[in-house]
Amino acid sequence: MAANLSVLAVGTETDGSIISPASANGIAGIKPGLGLVSAEGIIPISHHQDTAGPLARNLADALQLLLAMGNPGELSTSGLDRPMLPDAAGKRIGFAVKLAGFHPGVDALMNQAIRILEALGATVEESDLDCPDELSEAEEIVLQYDFRQDLEDYLLQWGPAGAIHSLDDIIVWNQANAAKAMPWFGQDILEACAHRAKPPGKEYAEALATCRRLSRDEGIDRVIRAGNLDAILAPSGGPAWKIDLVTGDHFMGGSSSLPAVAGYPNLTIPAGFIHELPVGVSLFGPARSEARLVGIGLALEQALKARRPPRFIHLA
């Protein structure tokens with residue numbers, strides 16, 4: 001889509017896998033709230049966070065795909081069953097300043113987005129929303145437990161015929177075929193998940209409760225309620241990075257975790273470029289706020305006009 005070779009695509013996200021690639025490729029993406037789109041058939045990580053969502057060159061196209069993908073009842077609850085128009089005037093938006101600050105160029109693009117929103121008639125104020133380490137630690141525990149159980153349920157329904165029926169089977173196969181299956185990285189995450197007990201017990205229940213408390217009650221819901229906000233604005237991530245099979249992704253920062261863990265909607269649109277590398281800006285909010293987020297996003301996207309296809313550039 002970034003290269004104008006496609007109009008629409010479907011992505012899947014547990015935490016950032018719609019928002020991050022959309023941002024890095026200079027396109028739009030919508031991560032709907034949990035349950036708005038069916039997760040059937042998705043190779044799972046966690047039923048508490050997994051969802052499909054649309055990717056497109058602009059938000060209007062992504063919206064059309066979301067309308068085709070979404071459950072009609074959930075679309076109605078989210079307000080997406082009515083015509084969507086650019087709508088930022090009068091909206092109150094919180095800027096999650098603690099989720100920024102990891103790159104001066106990204107901060108400059110966020111400030112530009114804020115100025116445009118204010119010119120469109122929105123009120124933007126700083127928010128104290130943050131993603132504490134305690135949330136990340138609890139999320140990892142939940143995902144490890146969920147992945148083992150959800151993947152094995154998936155294999156029973158959708159898996160290939162043969163000997164692969166469990167996570168343990170996958171680990172054994174990878175070990176036997178390491179040169180082909182794992183030339184760059186190991187499977188330490190799979191092994192950590194395989195050690196999680198079935199069925200999950202107290203540790204899992206406590207971690208899940210922590211996730212919900214920090215992402216919802218003391219996180220997004222608190223900030224929205226305290227500021228009487230319509231949406232939260234934050235950088236989707238840093239400038240796009242090169243593929244590095246040796247040391248992995250050069251991730252600088254982002255804002256996907258809170259709405260992902262909460263199961264709340266999130267979208268990203270192109271915010272601009274840093275030395276020709278795309279950067280996205282995210283808008284997210286509480287449960288079933290998709291229509292409000294899309295309205296604000298459409299207005300901001302049309303005013304920013306930041307989308308452009310990639311170019312081949314020779315650097316001396």
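Remember, predicted model here, so these are calculated numbers, not experimental data.
The CG atom of D244 sits 9.5 Å away from the CH2 atom of W184 when rounded to the nearest 0.5 Å. Atom CG of residue L233 and atom CG of residue L117 lie 6.0 Å apart, to the nearest 0.5 angstrom.
Note on I27 and I30: separate hydrophobic clusters, where clusters join Ile, Leu, Val, Met, Phe, Trp and Tyr whose side-chain heavy atoms are under 4.5 Å apart, directly or indirectly.
At least one donor-acceptor pair closer than 3.5 Å links the side chain of D107 to the backbone N or O of G101.
Salt bridge status for R225 with D221: absent, with no side-chain N to carboxylate O gap under 4.0 Å. A salt bridge links R196 with E203: at least one charged nitrogen is closer than 4.0 Å to a carboxylate oxygen.
Remark: T12 pairs with no residue by the side-chain hydrogen bond (donor to acceptor under 3.5 Å, both in side chains) rule, at least two apart or across chains. Not a single ring-ring contact (aromatic ring centres under 6.0 Å, His included) links F273 to another residue, sequence neighbours left out.
At a cut-off of 3.5 Å, with distance as the only test, a side-chain donor of N4 or R57 sits close to an acceptor on the other residue. Defined by atom type and a distance below 3.5 Å, a donor-acceptor pair is missing between the side-chain atoms of D153 and Q157. Side-chain atoms of E13 and Q49 include no donor-acceptor pair closer than 3.5 Å. No hydrogens or angles considered: a donor-acceptor pair under 3.5 Å links the side chains of S166 and D169.
Other residues, nucleotides and ligands contribute over 12 non-hydrogen atoms within 6.0 Å of the CD atom of E191.
Residues in residues 116-129 take part in these salt bridge (charged side-chain N to carboxylate O under 4.0 Å, His left out) pairs, two or more places apart or across chains: R92-E125, D128-R222.
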